[in-house]
Amino acid sequence: MNPQSKPKNRLAARPDAAEILREAGGLLEKRLPQPARRAFLRRGLTLGGLAMLSGCSLADDEGVERALATVSRWNDRVQGWLFDPTQLAPTYPESMIARPFPFNAYYGIDQAPRVDEESFRLEVSGLVADRRAWRLEELRAMAQAEQVTRHICVEGWSAIGKWGGVPFADFLKRVGADLSARYVGFKCADDYYTSIDMPTALHPQTILALTYDGRTLPREYGFPMKLRMPTKLGYKNPKHVQAIFVTNTYPGGYWEDQGYNWFGGS
Ligand SMILES: Nc1nc2c(c(=O)[nH]1)N[C@H]1C(S)=C(S)[C@@H](COP(=O)(O)O)O[C@H]1N2
Ligand SMILES: [Mo]
């Protein structure tokens, strides 16, 4: 093959390539069998070393991506780098919707918060032009989208459900959010909280869900609203959202602060 026609190696072109490799390498090393581990420790991690250890050619983007995918599950930065903002999560026919849909929270179903529809206001703060609070009516008046997607919980179950609501990118633009900020954080009506990266916030399937299966979002599934992201694991999808903030300061999350992976891609 003519070297000029090779796809460009995106990782090698990045100024922080060495840092990404060092982080990826640290995680990969822990998973290596002994002889490879010793070789790895002698050599340190280079592009070539990563190629050898992962058994993937790093001559092109595809090989690099495959090698990084090996370690991505344990590394937020690599996950963020691999995240493709245009790649859609699978969708399913309505016949596959789980009925009843499973409930999960860090407490029992009876403890799910009861939020009053009339007095509810969604707070918006941080790096946004318009910090006005929102009533549910105003969110319902915006263009709505619907999705039938799979929710995956790290506790070992998954289920297909149907959520409807406001595309979150529309909402962020409407409030004049700084779309170059790093994080969007969420505070919930229980003590739950989480945060996501801006590229995921702007993903076309990320919605501020107001309905479940065609009806107002039931209390146990997150009334008055939940952020639904089929590109992220269940614990990254906050229910009972009460406040949204845009920030460059890492906000963490309820499970993330107890050791769950922050990026939490599914
Ligand atoms: N406010 C709030 N959101 C939450 C949780 C929670 O305990 N409180 N649990 C998370 C977890 S671990 C999962 S799997 C899903 C469960 O959503 P479901 O009850 O609609 O299945 O909600 C996520 N969002
Ligand atoms: Mo979960």
Side-chain angles (χ1 to χ4, degrees), residues 73-74 76 79 89-92 94 96-117 119-125 134 136 139 145-166 168 171 183-197 200-201 203 205-245 251-266:
R73 205 168 301 175
W74 304 277
D76 290 333
Q79 280 197 57
T91 57
Y92 302 88
E94 300 208 357
M96 289 179 74
I97 294 174
R99 294 195 170 92
F101 192 83
F103 163 85
N104 196 30
Y106 64 90
Y107 44 72
I109 194 162
D110 299 340
Q111 273 83 58
R114 292 167 197 278
V115 175
D116 177 60
E117 165 144 18
S119 58
F120 177 80
R121 298 289 182 277
L122 173 68
E123 294 159 41
V124 181
S125 66
W134 288 64
L136 273 178
L139 289 168
E146 221 171 47
Q147 62 175 255
V148 179
T149 51
R150 184 183 293 278
H151 170 118
I152 301 167
C153 174
V154 288
E155 285 171 42
W157 58 271
S158 83
I160 291 167
K162 180 166 95 171
W163 293 269
V166 178
F168 197 47
F171 178 79
Y183 308 107
V184 182
F186 302 86
K187 291 180 197 155
C188 306
D190 47 16
D191 285 331
Y192 206 75
Y193 61 102
T194 188
S195 56
I196 59 169
D197 52 295
T200 299
H203 186 274
Q205 287 172 311
T206 296
I207 65 175
L208 201 47
L210 304 169
T211 68
Y212 181 74
D213 205 2
R215 298 181 298 125
T216 300
L217 194 65
R219 184 174 66 94
E220 64 269 34
Y221 302 130
F223 183 84
M225 70 191 74
K226 83 175 251 177
L227 194 77
R228 173 62 193 145
M229 296 170 283
T231 58
K232 285 214 190 288
L233 294 166
Y235 64 89
K236 298 298 299 181
N237 290 237
K239 304 193 286 186
H240 317 288
V241 173
Q242 204 159 49
I244 296 177
F245 58 100
Y254 182 91
W255 289 117
E256 295 88 331
D257 292 351
Q258 299 175 58
Y260 280 30
N261 170 256
W262 176 76
F263 195 87
S266 68

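Remember, it's a predicted structure, so these values are computed and weren't measured experimentally. Heavy atoms only: backbone and side chains are in, while hydrogens, waters and symmetry mates are out. Both ligands and their constituent atoms are indexed starting at 1 by order of listing.
- Ligand 1 places these atoms under 4.0 Å from at least one heavy atom of H240: 1 (N).
- Of all the heavy atoms of A189, none lies under 4.0 Å from any atom of ligand 1, so neither backbone nor side chain is involved.
- Between the choices Y235, Y221, Y192, the shortest heavy-atom distance to atom 20 (O) of ligand 1 belongs to Y221.
- Close to ligand 1: F101, with a non-hydrogen atom less than 4.0 angstrom away.
- What sits closest to atom 21 (O) of ligand 1 on the protein, heavy atoms only, is P102 O, 2.8 Å.
- A salt bridge links E256 with K236: the closest approach of a Lys/Arg side-chain nitrogen to an acidic carboxylate oxygen falls below 4.0 angstrom.
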Exercise. Determine, step by step, whether Y221 and F103 satisfy the ring-ring contact (aromatic ring centres under 6.0 Å, His included) criterion, reporting the C-alpha distance in whole Å, the side-chain angles of both residues, the deciding distance to 0.1 Å, and the verdict.
Key: CA-CA 7 Å; Y221 302 130; F103 163 85; 7.3 Å; no

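- Residue contacts with ligand 1: K239 is placed with a nitrogen or oxygen under 3.5 Å of a nitrogen or oxygen of the ligand (distance criterion only).
- For the residue pair Y193 and D257, a side-chain donor N or O sits within less than 3.5 Å of a side-chain acceptor on the partner.
- T194 and W255 share no side-chain donor-acceptor pair at under 3.5 Å.
- Taking every non-hydrogen atom of C153 and a distance limit under 4.0 Å, the qualifying atoms of ligand 1 come out as 14 (S).
- The residue from I152, N104, V154 that puts a heavy atom closest to atom 16 (C) of ligand 1 is N104.
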Practice problem: Go through the steps for K232 and D197 under the test salt bridge (charged side-chain N to carboxylate O under 4.0 Å, His left out), then give the verdict. | Solution: CA-CA 11 Å; K232 285 214 190 288; D197 52 295; 3.0 Å; yes

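- At a heavy-atom cutoff of 4.0 Å, ligand 1 is contacted by the side chain of W157 but not by its backbone.
- The shell of residues lying under 4.0 angstrom from ligand 1, judged by heavy atoms, excludes Y193.
- For atom 24 (N) of ligand 1, the choice among V241, D190, N237 with the nearest heavy atom turns out to be N237.
- With sequence neighbours left out, the side chain to side chain donor-acceptor pair (under 3.5 Å) criterion links Q258 to no other residue.
- In this structure, the ring of Y235 has its center no less than 6.0 angstrom from the ring center of W262.
- Under a 4.0 Å criterion applied to the non-hydrogen atoms of F103, ligand 1 contributes the atoms 19 (O).
- Atoms of ligand 1 found under 4.0 Å from any heavy atom of Y106, numbered from 1 in the order shown, are 7 (O).
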Quiz item: Given T149 and R228, is the side chain to side chain donor-acceptor pair (under 3.5 Å) satisfied, shown in steps?
Solution: CA-CA 10 Å; T149 51; R228 173 62 193 145; 3.0 Å; yes

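- For the ligand labelled ligand 1, residue H151 lies inside the 4.0 Å heavy-atom shell.
- Using cut-offs of 30° and 60° for the angle between ring planes, the F186 and F168 rings count as tilted.
- Of the polar atoms of A105, none of the N or O atoms is found under 3.5 Å from an N or O of ligand 1, judged by distance alone.
- Ring geometry for F101 against W163 counts as perpendicular: the plane angle is over 60°, on a 0 to 90° scale with 30° as the lower cut.
- Counting atoms of ligand 1 from 1 in the listed order, those under 4.0 Å from a heavy atom of C188 are 1 (N).
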